[in-house]
Amino acid sequence: QVQLVESGGGLVQAGGSLRLSCTASGRTLRSYTMGWFRQAPGKERDLVAAIMWSGGSTYYANSVKGRFTISRDNAKNTVYLQMNSLKPEDTAVYYCAAPSYDRWALTPDDYDYWGQGTQVTVSS
């Protein structure tokens, strides 16, 4: 089993920055794709960014390109999401997730392990 724990959420003004962290325990995620999703009230859970185990390939939703950066430290079993130039529409609960085996994963159904989520609120 894999446990994922997110941290780093909070309240920030528009234009500000936050860095989310997700640390895995129970199994090394060194060879797994990791993803960050977000879900706003009344909306579906959408993929924000994903990164392959090597860090060589990344994916970003169009809405966050140029503002968010996903990275990982395999030695620490941790993935990060640096969020800059935050906008009120970025307000959501952010989740990190991992599939149960090594594959490139871009939809929620591809992911089997989920963190509990961390709230990000951007005020205007």
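Counting from 1, the numbers follow the sequence of the chain as shown.
The side-chain tip of Arg72 does not point at the ring of Tyr80 from less than 6.0 angstrom away and within 45° of straight on.
One N or O on the side chain of Thr118 and one on the backbone of Gly9 form a donor-acceptor pair closer than 3.5 Å. Judged by distance alone, with hydrogens and angles left aside, the side-chain atoms of Asp110 form a donor-acceptor pair with the main-chain N or O of Leu106 at under 3.5 Å. Under the 3.5 Å distance criterion, the side-chain polar atoms of Arg38 are left unmatched by any main-chain donor or acceptor of Val93. Put simply, the side chain of Arg45 never gets that close to the backbone of Ala40: no donor and acceptor are under 3.5 Å apart.
When all heavy atoms of Thr78 and Lys76 are compared, the closest pair comes out as OG1-O, 2.9 Å. Contact between Ser71 and Ile51 at its shortest, heavy atoms only, is CA-CD1, 3.8 Å. Counting all heavy atoms, side chain and backbone alike, Val48 lies closest to Phe68 at CG1-CD2, 3.6 Å. Taking both residues in full, the closest heavy atoms of Pro88 and Ser124 are given as CG-CB, 3.8 Å, listed atom of the first, atom of the second, then distance. Taking every heavy atom of both residues into account, Gln119 and Ala92 meet most closely at NE2-O, 3.4 Å. Considering every non-hydrogen atom in both Trp104 and Ser57, the closest pair reads CH2-O, 3.9 Å.
With sequence neighbours left out, Asn84 forms a side chain to side chain donor-acceptor pair (under 3.5 Å) with Ser17, Gln82. Residues satisfying the side chain to side chain contact (heavy atoms under 4.5 Å, CB included) criterion with Val120, sequence neighbours excluded, are Leu18, Leu20, Met83, Tyr94, Val122.
In this structure, the side chains of Thr69 and Tyr60 come closer than 4.5 Å at one or more pairs of heavy atoms. Between Trp36 and Leu47, the closest side-chain pair of non-hydrogen atoms is not below 4.5 Å. Residues Leu4 and Thr23 are not in side-chain contact: their nearest non-hydrogen atoms beyond the backbone lie 4.5 Å or more apart.
Rounding to the nearest 0.5 angstrom, the gap separating the SG atom in Cys96 from the OH atom in Tyr113 is 13.5 Å. Atom CD of Glu6 is separated from atom OG of Ser21 by 10.0 Å, given to the nearest 0.5 angstrom. With values rounded to the nearest 0.5 angstrom, Ser85 atom OG is found 7.0 Å from Arg67 atom CZ. Atom-to-atom distance recorded for Gln116:CD and Tyr95:OH is 9.0 Å, nearest 0.5 angstrom. Within the model, atoms CG of Asn74 and CE of Met34 stand 9.5 Å from one another, a figure rounded to the nearest 0.5 Å.
Between the side chains of Thr121 and Thr91, not a single donor N or O lies within less than 3.5 Å of an accepting N or O.
Taking hydrophobic clusters as Ile, Leu, Val, Met, Phe, Trp and Tyr residues chained together by side-chain heavy-atom distances below 4.5 Å, Val2 does not share a cluster with Val5.
With ring centers used as reference points, Phe37 lies under 6.0 Å from Tyr111.
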